[in-house]
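Below: the structure, in structure tokens.
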Amino acid sequence: MGRMDAKSARTSGPDLASVARLIGDETRAAFCLALLDGRAWTATELARHAGVAASTATEHLNALVAGSLFAEERQGRHRYVRLAGQQVAELIENLAAIAPERAAPVSSLSAANRRRALAHARTCYDHLAGVVGVAITDAMTERGLLDWAHGLALTDAGGKWLADLGIEVHASARRPAVRSCLDWTERRPHLAGAVGAAVCRHAFDRGWITRVGSTRAVTVTDTGREVLSSGLGLPGEVLERRRS
């Protein structure tokens, strides 16, 4: 291969380096992780979350929107941003799962409780993660609702289980019914895809889980503990988050 051919090979095709540059900044990375809660945030909220000036946040958000990682909506004077879609969320999830753990110093009891709450149960874009998310996935596997023999698949029994609970799954050619997502705190897979999203949505709608403040953390309610215990055999010590 000649010099010009080698240069052409480096410059043609997907520009992976441009995506890496967008995410390879601590402030932008913090924005991406925050938006894994599946909601839209204002620029002011993201600036406060990352501890940067509003002007700095705006500069970073402009770059992320221009790079098609974020999508924006404007309502009056407010600018809202969110992840541009499921593919972007999957990219952030996968990177978070393989990234080395960087433990920030815990300066207060409330900070320790927030970290513990995120590890126990949280939303991962539009599905459940953490101890509870992994436990649900394990329980569905043990009961034959999920099959891992030839790649993750929903079994006929799993489809009936979802229908009996009234959980509607909106799968499409662009999104598989089930997908394995490596949990970045448990380092084990939890359920994603259209089924994972449907279970999470149903859990919120039926009051099985509720959000903890404005974070990605969720808590399992009394109703949720009863349903998940009777329906999947999850023990109380898994569903109940320990408090300091």
Side-chain angles (χ1 to χ4, degrees), residues 33 36-38 83 85-99 101 118-211 216-221 223-241:
L33 289 172
L36 274 181
D37 68 357
L83 295 181
Q86 178 62 32
Q87 283 186 314
V88 177
E90 291 177 8
L91 170 66
I92 303 304
E93 291 170 7
N94 291 334
L95 287 174
I98 64 174
E101 184 70 20
L118 279 171
H120 180 252
R122 65 182 181 277
T123 53
C124 187
Y125 191 56
D126 60 0
H127 53 272
L128 288 171
V131 171
V132 172
V134 170
I136 289 174
T137 304
D138 288 346
M140 291 180 68
T141 300
E142 291 169 3
R143 281 159 177 72
L145 309 180
L146 295 173
D147 182 13
W148 297 75
H150 304 288
L152 183 59
L154 182 72
T155 65
D156 291 341
K160 183 179 184 303
W161 179 77
L162 293 170
D164 289 344
L165 287 173
I167 299 178
E168 297 183 4
V169 179
H170 303 290
S172 67
R174 297 180 59 185
R175 188 177 195 187
V178 290
R179 182 178 67 83
S180 171
C181 179
L182 183 60
D183 197 284
W184 64 267
T185 52
E186 292 298 290
R187 305 289 168 163
R188 298 183 56 238
H190 60 243
L191 178 64
V195 171
V199 170
C200 182
R201 183 172 59 249
H202 190 83
F204 274 122
D205 291 344
R206 294 302 176 91
W208 299 355
I209 57 175
T210 58
R211 290 193 183 275
R216 285 201 288 145
V218 299
T219 186
V220 182
T221 65
T223 300
R225 284 192 288 273
E226 181 179 346
V227 170
L228 294 173
S229 177
S230 61
L232 289 175
L234 295 186
E237 57 267 25
V238 169
L239 300 173
E240 182 73 31
R241 174 168 58 92

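Note that this is a predicted model, so its numbers are computed, not measured. Below, each value reflects all heavy atoms present in this structure, side chains not excepted, and no hydrogens, waters or symmetry copies.
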Under a 4.5 Å cut-off applied to non-hydrogen side-chain atoms, are [X] and [Y] in contact?
{"X": "Glu186", "Y": "Val131", "value": "yes"}
{"X": "Ile209", "Y": "Leu128", "value": "yes"}
{"X": "Trp161", "Y": "Leu232", "value": "yes"}

For a quick test of reading the model, state the closest non-hydrogen atom pair linking [X] to [Y] and the distance between them.
{"X": "Val178", "Y": "Ala153", "value": "CG2-CA, 3.7 Å"}
{"X": "Arg143", "Y": "Gly233", "value": "NH2-CA, 3.5 Å"}
{"X": "Ala97", "Y": "Leu182", "value": "CB-O, 3.4 Å"}
{"X": "Ala194", "Y": "Val169", "value": "CB-CG1, 3.7 Å"}
{"X": "Ala139", "Y": "Leu234", "value": "CB-CD2, 3.7 Å"}

Rounded at 0.5 Å granularity, tell me how far [atom1] in [X] sits from [atom2] in [Y].
{"X": "Glu90", "Y": "Tyr125", "atom1": "CD", "atom2": "OH", "value": "9.5 Å"}
{"X": "Trp184", "Y": "Leu95", "atom1": "CH2", "atom2": "CG", "value": "13.5 Å"}
{"X": "Cys124", "Y": "Leu118", "atom1": "SG", "atom2": "CG", "value": "11.5 Å"}
{"X": "Trp148", "Y": "Thr137", "atom1": "CH2", "atom2": "OG1", "value": "6.5 Å"}
{"X": "Arg206", "Y": "Thr223", "atom1": "CZ", "atom2": "OG1", "value": "11.5 Å"}
{"X": "Ile136", "Y": "Thr141", "atom1": "CD1", "atom2": "OG1", "value": "11.5 Å"}

Angle between ring planes, His127 versus His190, binned at 30° and 60°: parallel, tilted or perpendicular?
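Ring orientation, 0 to 90° scale: tilted.
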
Please step through side chain to side chain contact (heavy atoms under 4.5 Å, CB included) for the pair Val220 and Trp208, ending with a clear verdict.
CA-CA 6 Å; Val220 182; Trp208 299 355; 5.8 Å; no

Could you tell me whether a side-chain N or O of [X] sits under 3.5 Å from a main-chain N or O of [Y], the two making a donor and an acceptor?
{"X": "His120", "Y": "Val238", "answer": "yes"}
{"X": "Arg225", "Y": "Gly236", "answer": "no"}
{"X": "Asp183", "Y": "Gly130", "answer": "yes"}
{"X": "Ser229", "Y": "Pro235", "answer": "no"}
{"X": "Arg201", "Y": "Glu168", "answer": "yes"}

If you count every heavy atom of other residues, nucleotides or ligands that lies below 6.0 Å from Asp205 atom CG, does the total exceed 12?
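Enclosed.
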
Assess the residue pair Arg211 and Asp37 against the criterion (salt bridge (charged side-chain N to carboxylate O under 4.0 Å, His left out)); give the C-alpha distance rounded to whole Å, side-chain angles, the decisive distance to 0.1 Å, and a yes or no.
CA-CA 10 Å; Arg211 290 193 183 275; Asp37 68 357; 5.2 Å; no

Given side chain to side chain contact (heavy atoms under 4.5 Å, CB included), test Asp126 with Gln86 step by step and report yes or no.
CA-CA 9 Å; Asp126 60 0; Gln86 178 62 32; 3.6 Å; yes

Taking side chain to side chain contact (heavy atoms under 4.5 Å, CB included) as the criterion, tell me which of Leu154, Thr155, Leu152 meets it with Asp147.
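Among the candidates, only Thr155 passes.
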
Note: Lys160-Asp156 ion pair, threshold 4.0 Å (strictly below):
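No, this pair does not count.
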
